[in-house]
Amino acid sequence: MTQERPVVVTGCSSGIGRAVVRHLLGREHTVYATARDIGSIGDLASDGARILPVDLTDAGAMRECVRHVEARHGAVWGLVNNAGYALTGPVEELDMDQVRQQFEVNVFGHITMTQLVLPGMRRRGEGRIVNISSVASRFTLPGGGCYHASKHALASFGDALRYEVSPFGVRVSAIEPAVVRTRFIVTAVRLLTARGPGTGAYASFRDALADCYARVQRTPYRYGAVSADKVARAVGRVLASDSPGPRHVVGAAARLTVGLRWLLPGPLFDAVVRARFPVPRQEGRS
Ligand SMILES: NC(=O)c1ccc[n+]([C@@H]2O[C@H](COP(=O)([O-])OP(=O)(O)OC[C@H]3O[C@@H](n4cnc5c(N)ncnc54)[C@H](OP(=O)(O)O)[C@@H]3O)[C@@H](O)[C@H]2O)c1
């Protein structure tokens, strides 16, 4: 058994998870890349990562992943809770099964992985948990109720955990980007438009939301989007630090948004959001 610093990353089939794995390879870590379909991460194995199947809705797969790493290294040293997606749409029309699924992946899956790795980290007397959160954990946009709620929940659980596990040498940090150039928005638009063109009271709102997301996907630089590599470097810095800070806002657009949220009184922030983002309009009223 080797006393290395094994790091487990969830959601490595694309985007930030994949970039984090590539960034950590060759840096004093044994990197465990995980995905629902390990066929999607075969190239990471060729590059030196060890690959394991993990679906964040499958408790057995999560247990088996941690057991596998502990059998070889004694304990997981680092966990990057990354996998996630955005369910968007007007609150009144959200499908509750989809809402539960959103929380299964974005919140409960991360809590489960965290609970599984903590006994080993405490035994070892050190560890790092990095939650890929978002500026979405600091405020909420119209149409984003479900996704933002999941990121607020992840932030709260991470904050509590930070106090609870630091006496055992375990550090907990959140990474908070704004828009990142990944397929994240494509998935969000696919989910939003799956029920076809908008009908009913929120028809034009749904269409406007989909247009807004598509615009961000088409012209990411206008929205200050950062690369997945930039987020991966922030994760790398947190893992390399002996005393990483609690929350790391990544990118100028993310810092500006968080700054505005702090500076502007609530009603003024609301007015900015209403002016800049789609909101429902009652048909027939001006
Ligand atoms: N992109 C952004 O603008 C942005 C901004 C702030 C924060 N974030 C956060 O960054 C994280 C990564 O997103 P990304 O931008 O890299 O998006 P992405 O490219 O769409 O990657 C999402 C990853 O999550 C995985 N995933 C989804 N459901 C899963 C499940 N049940 N079990 C295990 N893995 C699952 C996906 O795997 P499959 O291939 O199997 O679907 C994929 O690997 C998310 O937590 C997201 O909230 C993203």
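One-based numbering, in listed order, for ligands and for the atoms of each. Only this structure's heavy atoms are used, side chains among them; waters, hydrogens and symmetry mates stay out.
Residue pairs satisfying the side chain to side chain donor-acceptor pair (under 3.5 Å) criterion with at least one member in residues 245-260, sequence neighbours excluded, are listed as follows: Asp159-Arg247, Glu176-Arg247. The ring pair (Phe, Tyr, Trp, His ring centres under 6.0 Å) contacts involving residues 115-155 comprise Phe139-His148, Phe139-Phe269, Tyr147-Phe184, where partners must be two or more places apart or lie in separate chains.
Thr57 and Glu104 share no side-chain donor-acceptor pair at under 3.5 Å.
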Residues Asp58, Arg63; criterion salt bridge (charged side-chain N to carboxylate O under 4.0 Å, His left out); working and verdict
CA-CA 9 Å; Asp58 180 346; Arg63 264 197 308 277; over 6 Å; no

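Using a 4.0 Å heavy-atom criterion, the residues that approach ligand 1 are Gly11, Cys12, Ser13, Ser14, Gly15, Ile16, Arg36, Val54, Asp55, Leu56, Asn82, Ala83, Gly84, Val105, Ile132, Ser133, Ser134, Tyr147, Lys151, Pro177, Ala178, Val179, Val180, Thr182, Arg183, Phe184.
Cluster partners of Leu263 are absent, since no Ile, Leu, Val, Met, Phe, Trp or Tyr has side-chain heavy atoms less than 4.5 Å from it.
A tilted orientation is assigned to the rings of Phe108 and Phe103, their planes being inclined by 30° to 60°.
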